[in-house]
Each structure stands twice: as structure tokens, then as C-alpha cells.
Amino acid sequence: MIDGFVALYIFMLAAFTGHEIIARVPVILHTPLMSGSNFVHGIVLVGAMIALGHATTPFGIGLGFVAVLLGAGNAAGGYVVTERMLEMFKPSGGKPGDKA
Amino acid sequence: MSWLPTLVQACYFLAALLFILGLKRMSSPRTARGGIVWAGVGMLVAVLATFALPDMHNRGLILAAVLVGVAAAWWSGRRVAMTAMPQMVALYNGMGGGAAAGIGAAELVAQVQRTAVAVPDTSPLRPESWALDAVHQVAQLTPVALGLGVLGALIGAVSFSGSLVAFAKLQGWMDRRFVFPGQRVVNLLVLLLAVLHGVMLVTGHLTVPVIAAFFVLSLLFGLLMTLPIGGADMPVVISLYNAFTGLAVAFEGYVLGNEAMIIAGMVVGAAGTLLTQLMAKAMNRSLGNVLFGSFGAAAGGAAQEIAGAQKPIDAADAAVMMAYAERVAIVPGYGMAVAQAQHKVWEFAKLLIERGVKVKFAIHPVAGRMPGHMNVLLAEAGVPYDLIEDMDDINPEFPNTDVVLVIGANDVVNPMAKTDPTSPIYGMPILDVAAAKHVIVVKRGKGTGFAGIENALFYADNTRMLYGDGQAAAGQLVSELKALDA
């Protein structure tokens with residue numbers, strides 16, 4: 001278990017990180033970014049796996065199973081639609097995926 | 001095997017790092033594609049590491065559920081049309097919220113069992129359950145963990161049922177809005193009851209019936225909260241639920257002692273909140289107004305009477321008008337995308353460009369169903385993004401524009417947003433197309449648009465209406481334009 005104040009620091013720093021990442025995003029990327037952040041909280045799959053892995057009662061196992069199903073859907077679906085959207089962004093004139 | 005937990009922790013650390021770097025890359029058009037791949041690698045690492053956790057049971061079941069969930073979502077995500085993207089995001093987001101609520105429920109029920117086992121010190125203890133608790137490292141959840149777990153479950157459940165309603169609405173499975181008298185009071189009451197049950201769970205009334213009631217009330221609140229919200233506002237709501245799910249994941253991450261979940265969830269929670277505010281701002285409305293304003297309910301009552309009539313034009317005249325214009329601006333809306341007309345429209349624009357006409361695409365921040373959605377749809381049709389102009393850049397150019405072609409857009413070009421204080425969209429920034437010399441509006445019929453609001457632009461002296469389905473109208477324009485040269 002994480003110590004209370006350490007957790008508080010993690011919460012705070014992560015919140016600032018999220019805020020900073022989004023702060024200067026052009027409008028054209030709002031939809032892909034919403035989809036991308038939707039994918040990132042698919043990490044809930046890991047928690048669902050742990051919950052199912054620790055379940056001992058039939059009810060707990062059933063609940064965990066559904067949670068893993070939903071979490072896997074969140075992660076995989078979020079990835080696919082984000083990737084499909086970003087695939088179509090071509091820089092004007094240049095090759096896709098050009099690096100500066 | 002003492003190195004194994006350390007390795008798993010290192011994997012979680014790597015995953016958190018990749019999520020943050022991936023999101024950072026996604027915030028610039030040049031690096032965006034790589035960003036999702038980085039985040040994807042992070043997810044893969046985290047999931048594989050979790051399989052390797054030492055004290056895991058039901059590994060077969062976990063694998064089965066992961067495979068089924070991934071396969072179903074992958075399949076649906078691959079084949080869904082780009083226009084349906086917003087509701088798919090809502091659906092996947094709801095699943096994440098549901099998973100977070102599920103984790104919360106599992107932890108609460110497990111806590112009940114642990115309490116039941118721990119209290120009677122003389123009764124025959126089941127040794128295997130004690131052993132399990134020992135490896136689970138928490139015999140009892142601390143009050144803080146219990147509180148955050150309950151809060152995360154509440155938020156996750158609201159996000160789950162709310163996102164499913166949003167999905168159903170955008171998919172067209174559900175009537176646009178569902179309103180009844182005293183709705184706000186009922187909603188508030190349901191929320192208060194849900195919170196009350198949550199407080200009971202934390203303050204020593206941790207029993208299965210209270211847990212069940214808590215979840216029913218939370219799910220019900222998500223449902224009731226989303227039902228009265230109109231389709232036009234749905235993107236803001238989806239973005240809000242996206243942030244909700246992030247927070248729920250972070251809180252459940254604390255309960256499980258999983259730092260990767262805390263960091264990823266919190267980053268999304270903060271980013272999603274900011275994104276929601278940006279969207280609401282683009283529509284010139286506060287978040288409270290979106291959630292509790294019952295959008296569109298006032299329309300029709302004291303609305304201004306519009307003088308004049310809609311004046312039709314046929315495709316041949318419209319094509320000629322644009323062919324001999326110097327500057328043409330195309331304003332695409334969601335109606336164009338629904339009609340799958342973006343390819344035809346781009347074909348038409350290319351023909352105009354070949355004739356030497358300067359063509360621009362003007363995009364309102366909330367064109368489509370989400371900010372940036374229209375850019376995605378135009379990108380899909382192959383429109384290079386240097387022809388696409390944002391509202392602030394193109395508005396000063398409209399007075400110098402000869403013809404504006406409005407196709408499938410309605411509210412974002414409605415001048416009543418500036419002139420009629422009783423209009424529900426009053427104050428929303430719009431594309432100033434009425435300032436152009438001529439406006440041609442492609443529209444299916446004479447009715448009002450998505451939000452059900454009358455549009456003064458359609459009655460203006462310099463506006464002509466080209467009635468028809470977006471796809472058919474764009475096709476006609478293309479063939480009329482080709483006929484000019486033949």
C-alpha cells in the first residue's frame with residue numbers, strides 16, 4: 001500500500017502533467033486526443049486483471065471477469081480508433097510521419 | 001523469485017512513462033501517429049507484467065476475458081465508420097468506467113468477506129482465505145482506501161451508464177431528449193441518495209445490500225443525468241465522462257496499490273477536464289449550462305419571427321456561380337459527413353481549384369460531433385490541411401469571399417447566435433458566412449437542424465437554397481461543373 005502523502009504527491013503531479021500536455025493543443029487534434037486519452041485509461045484493464053486474479057468467490061470471479069472484459073474492450077477499442085484517426089493526418093505536401 | 005515483483009514494478013513504471021510521452025506526442029500533428037504507438041507499447045508491457053504477478057489466480061479466465069474483450073473491440077473499432085467515431089469513443093469510455101466500477105465492487109465485497117472472517121476470533125477460521133489475504137497484502141482496506149474506492153466506484157458507475165446513454169443517443173437508438181417536470185430535483189435526490197449510501201459504506205455499514213443499493217443508485221444517476229442532454233451537447237458530455245473514467249481509474253488504482261493506474265488515470269482525469277472546458281468554451285457555454293441547462297427546451301417559445309422566404313437554386317446555377325467566382329469558401333457540417341459526401345465535395349473543390357478558383361474549407365471549432373471531428377473527416381477524404389481554416393482565421397475573409405457553400409452545417413452559421421438573445425445558441429461564436437457576397441446552402445429540406453433551431457441565414461437576401469441530400473447535391477455540382485467544360 002502506498003503511503004498517504006506519497007499518493008497525494010503522485011495525484012498532484014500527475015494532474016499537472018495531464019493539464020500541461022493538453023494546454024497547447026491545436027483544435028484539429030482534440031478528437032484524436034480525446035480518443036487517445038480514452039485509450040490511456042484503458043490501464044484499468046490491469047486493475048481488473050488483479051481483481052479477477054485475487055477473486056475467490058464465484059460472485060467475485062464473475063464480477064472480475066466482466067471487469068476484465070470491459071477493460072480489455074476499453075484498451076483495444078481505444079487503441080484501434082485512435083490509430084485509425086491519426087493514420088489519416090497527412091502534413092501538407094510532405095510525407096506522413098516526417099520527423100523534424 | 002524475489003526479483004519478480006521488482007520487475008513488474010519496473011514494467012509499470014515504463015508503462016506510465018510511455019503513456020505520458022505518448023500523450024505528449026499526440027498533442028502535435030507531426031508526431032501524433034507515433035504517440036499512440038508509444039502508449040500502445042506501454043499498455044502491452046503493463047498487461048504482460050500483470051500476468052507475471054506472483055499471487056494471481058484464475059489465469060485461464062483472465063486470459064479468456066482479455067482475448068474476448070480485445071477481439072470484440074478490435075473488430076468493432078476496425079469496421080466503424082469515421083462519422084460514428086464519437087459514439088465509439090463514448091462506448092469504449094463507458095466500458096472503462098464499468099471496469100473501474102467493477103473493481104470497486106469486487107474490492108468492497110471482498111472487504112465484507114474479510115470483515116466477516118476477521119471479527120469472530122474463536123470461530124473456525126478458513127485458513128485458505130487468510131492465506132489469500134496475506135498475499136493480497138491488505139487484510140483490511142484503510143479508511144482512506146475505502147473512501148477513495150467508494151468514490152471511484154461512484155464516478156465509474158456514472159461514467160458507465162452515462163456513456164452508454166450517450167452512445168445510444170448518438171447512434172440514434174434513443175429519442176433525442178427525455179425531459180419530465182421536476183427532473184432536476186429527482187436527479188439531485190438520486191445523487192444525494194447514492195452519496196449517502198457511499199458514506200454509509202465508509203462509516204461502518206459495509207454490507208452487501210448497502211453495496212448493491214449504492215451501485216444501483218450510482219448507475220441510475222448516470223442514466224438520469226445524461227437523458228435530458230441534447231445530441232448537440234453530447235461531445236462535451238462524452239469528454240466529461242472520459243475525464244470521469246480517468247479519475248475513477250486513478251482512485252481504484254490507489255485501492256489496488258497500483259501506481260501505473262494512479263498516474264495514467266490522473267493524467268487523463270486532468271487532461272479530460274481541460275479538454276471538456278475547451279469544448280464548452282468553443283460552444284460559448286459553461287459546463288453547468290450543458291449539464292443542467294436542458295438545451296433546446298426554450299426554443300420555439302419566444303423565438304424571433306423570421307421575415308422572408310427561403311429562395312431555392314438549382315445545381316447548374318450554383319455550379320456556374322462558383323466556377324466563375326474568385327474565392328469560394330466551403331463550410332462543411334456533420335450533415336455532409338452523414339451523407340458520406342466529403343469525397344464528392346473534395347472532388348468538386350479540386351475541379352474549382354483547377355479552374356483557378358481559390359478554395360478554402362472553413363471549420364467551426366465544434367463542426368461535426370466533436371472539436372476536430374470535421375478535420376478528421378476531411379482528412380479521410382484526402383483534403384490537405386493547408387486548405388482548412390479555423391474560424392478565427394477565416395471570419396475576417398468572408399466579406400471578400402464571392403460564394404460560400406454551406407453543406408450540412410446549420411447552427412454554426414446561424415446569425416441568430418449574434419442577433420437574437422432569446423435563441424438557445426445566443427452568444428455562440430459562429431462562422432460569419434452571411435458577410436459573403438453569396439451563400440449557397442445545401443440542405444435536405446426546409447426543417448430545422450440537429451438542435452431544432454430556426455436559422456435566419458436561410459432567409460437572407462443573398463442566400464440560395466440547394467435542396468437535396470448532401471451526397472446527391474455534391475454529385476450534381478461535380479457533373480454540372482464538368483459539363484461547363486465539355
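Each chain gets a letter, A, B and so on, in the order its sequence line appears, and its residues count up from 1. Just so it is clear, the model here is predicted, and its values are computed rather than measured.
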Taking all non-hydrogen atoms of both residues, which atom of A:L63 and which atom of B:A105 are closest, and how far apart? CD2-CB, 3.5 Å

When rounded to the nearest 0.5 angstrom, what distance separates CE in A:M34 from OG1 in B:T276? 7.5 Å

Interface residue of largest heavy-atom contact number with chain A, from B:E252, B:K24, B:M82, under 4.5 Å: B:M82

pair A:I10-B:M266: side-chain heavy atoms closer than 4.5 Å: no

When the 4.5 angstrom heavy-atom criterion is applied to A:L69 and chain B, the contacting part is both

Given side chains that start at C-beta, do those of B:F19 and A:T17 come closer than 4.5 Å, heavy atoms only? no

Under 4.5 Å from any heavy atom of chain B, what part of A:L52 do you find: side chain, backbone, both or neither? both

Nearest atoms (heavy-atom pairs only) where A:F11 meets B:I262: CE2-CG2, 3.7 Å

Polar side-chain atom of A:R84 near backbone of B:V80 as donor-acceptor pair, under 3.5 Å: yes

So what's closer than 4.5 Å to chain A heavy atoms on B:Y12: side chain, backbone, both or neither? side chain

Take A:I50 and B:L53 through the side-chain contact (heavy atoms from CB on, under 4.5 Å) test and state the conclusion after the steps. CA-CA 9 Å; A:I50 295 173; B:L53 273 177; 3.9 Å; yes

Out of curiosity, A:I21 CD1 to B:I20 CD1, how far, rounded to the nearest 0.5 Å? 6.0 Å

Taking the side chain as every heavy atom from C-beta outward, state whether B:V267 and A:V40 have any pair of such atoms under 4.5 Å apart. no

Measure B:V109 against the heavy atoms of chain A and call it side chain, backbone, both or neither at under 4.5 Å. side chain

Distance, nearest 0.5 Å, that separates CG of B:N242 from OG of A:S35: 8.5 Å

How would you list all residue pairs meeting salt bridge (Lys or Arg N to Asp or Glu O under 4.0 Å) that involve residues 62-78 of chain B, not counting sequence neighbours? A:E83-B:R78

Quick check on A:V44 against chain B: is it the side chain, the backbone, both or neither that has a heavy atom closer than 4.5 Å? both

Going through the distances and angles, do B:V268 and A:F39 end up as a side-chain contact (heavy atoms from CB on, under 4.5 Å)? CA-CA 9 Å; B:V268 174; A:F39 163 69; over 6 Å; no

So which residue, B:I388, B:L387, B:L23, ends up with the most heavy-atom pairs under 4.5 Å with chain A? B:L23

Within-4.5 Å side-chain heavy-atom neighbours: A:T31 and B:M85: no

Counting only non-hydrogen atoms closer than 4.5 Å, does B:M261 touch chain A with its backbone (N, CA, C, O), its side chain (CB onward), both, or neither? both

Looking at every non-hydrogen atom in both residues, tell me the closest pair between A:A15 and B:A270 and how far apart they are. O-CB, 3.1 Å

Please tabulate, for the side chains in residues 89-100 of chain B, all donor-acceptor contacts under 3.5 angstrom to protein atoms that are two or more places apart in sequence or on a different chain.
unit_1 : atom_1 : unit_2 : atom_2 : d
B:Y92  : OH     : B:A73  : O      : 3.3
B:Y92  : OH     : B:S76  : OG     : 2.9
B:Y92  : OH     : B:G77  : N      : 3.2
B:N93  : OD1    : A:H41  : NE2    : 2.9
B:N93  : OD1    : B:T245 : OG1    : 2.9
B:N93  : ND2    : B:S163 : OG     : 3.2
B:N93  : ND2    : B:Y241 : O      : 3.3

Heavy-atom proximity to chain A below 4.5 Å, by part of B:T273: neither

Please classify the contact of A:L13 with chain B as side chain, backbone, both or neither, using a heavy-atom distance under 4.5 Å. neither

Heavy-atom pair of closest approach, residues B:M43 and A:I43: CE-N, 3.5 Å

When rounded to the nearest 0.5 angstrom, what distance separates CZ in B:R33 from CE in A:M85? 13.5 Å

In terms of heavy-atom contacts, B:N58 and A:A55 come closest through ND2-O, 3.4 Å

Pick one of side chain, backbone, both or neither for B:A72, based on which atoms fall under 4.5 Å of a heavy atom in chain A. neither

Shorter than 4.5 Å, heavy atoms on both sides: which option in A:A76, A:A51, A:G42, A:G53 has the most such pairs with chain B? A:G53

Spacing of A:N38 atom CG and B:M88 atom CE [to the nearest 0.5 Å]: 10.5 Å

Report which part of B:I238 has an atom under 4.5 Å of a heavy atom belonging to chain A: side chain, backbone, both, or neither. both

Please round to the nearest 0.5 Å and tell me the distance separating atom CD of A:E20 and atom CG of B:L274. 9.5 Å

Is it the side chain or the backbone of B:E380 that comes within 4.5 Å of chain A heavy atoms, both, or neither? both

Against chain B, work out which of A:T82, A:L70, A:L33 has the most heavy-atom pairs shorter than 4.5 Å and name it. A:L70

Which atom names give the shortest non-hydrogen contact between B:T50 and A:V46, and what distance separates them? OG1-CG1, 3.3 Å

Could you give me the CA-CA distance, side-chain angles and deciding distance for B:S27 and A:I22, then say whether side-chain contact (heavy atoms from CB on, under 4.5 Å) is met? CA-CA 7 Å; B:S27 62; A:I22 300 288; over 6 Å; no

